[in-house]
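A quick write-up on the structure given underneath.
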Amino acid sequence: MLKKKVEDICNRQVEREGYSSNLYLSMASWAENKGLPGIASWLYAQAEEERIHFLKFIRYINERGGNAVIPAFKKPPSEFSGITELFKEVLKHEQFITDSINEIVHVTLQEKDYNTHNFLQWFVTEQVEEEAAVRTILDKINLVGPGNMYIFDRDILGLRAPAAGEAQA
Ligand SMILES: [Fe+2]
Ligand SMILES: [Fe+2]
């Protein structure tokens, strides 16, 4: 049985992972309308991954006898000032999520909940990969130059596979 404090902070993460998915969807939609199908594809795939994280927390809370709550989400931004700025926002958001996961890890140690602590290890590793992937993207944008998005938009397709079920651009 999950302790209330652990259940509450895991439900907080349900909201944050769901919001992450919507944020990246909004970014994907913006990039798609700017004629950047590669970047849009990367972001759509990222949104799918965040939805999987969202589901992982929901299923875990319920599996341990808690009640996962599906929240209303705040509206993500729909305008971005450029591709560099967009990916800087992605990095900032992932750093926020890393801190958020670490806070849950801290609560599980305080509450001596070693099962949830174990469940979280996948997310701890995932966050290292997520932040590194976005840093790689920012480095590449820096290399090609922000004025050369045509090249970058083509190259980003090689950085990950598109999300399942997504139409190829
Ligand atoms: Fe996530
Ligand atoms: Fe993420």
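Basis for what follows: all heavy atoms, side chains included, without hydrogens, waters or symmetry-related copies. We count ligands from 1, going down the list as the structure has it; atoms in each ligand are counted the same way. All values reported here derive from a predicted model rather than from experimental measurement.
Nearest N/O/S atom of Glu130 relative to the Fe ion (ligand 2): this is OE2. With respect to the Fe ion (ligand 1), His53 has ND1 as its nearest N, O or S atom.
Residue Glu94 counts as close to the Fe ion (ligand 2), with an N, O or S atom under 2.8 Å. Taking 2.8 Å as the criterion, Glu126 does not count as a coordinating residue of the Fe ion (ligand 2), since none of its N, O or S atoms falls below it.
No path of Ile, Leu, Val, Met, Phe, Trp and Tyr side chains, each step under 4.5 Å between heavy atoms, connects Leu143 with Ile83, placing them in separate hydrophobic clusters. Tracing side-chain contacts under 4.5 Å through hydrophobic residues (I, L, V, M, F, W, Y), one never reaches Leu109 starting from Phe123; they form parts of separate clusters.
Classified by interplanar angle (parallel below 30°, tilted 30° to 60°, perpendicular above 60°), the ring pair His117/Tyr114 is perpendicular.
For the pair OE1 of Glu50 and OE1 of Glu17, the angle whose vertex sits at the Fe ion (ligand 1) is 90° to 10 degrees.
Taking the ring centroids of Tyr60 and Trp122, they lie at or beyond the 6.0 Å cut-off.
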Under the salt bridge (charged side-chain N to carboxylate O under 4.0 Å, His left out) rule, what do Glu103 and Arg12 come out as? Steps first, then yes or no, please.
CA-CA 11 Å; Glu103 281 169 18; Arg12 185 183 79 172; 2.6 Å; yes

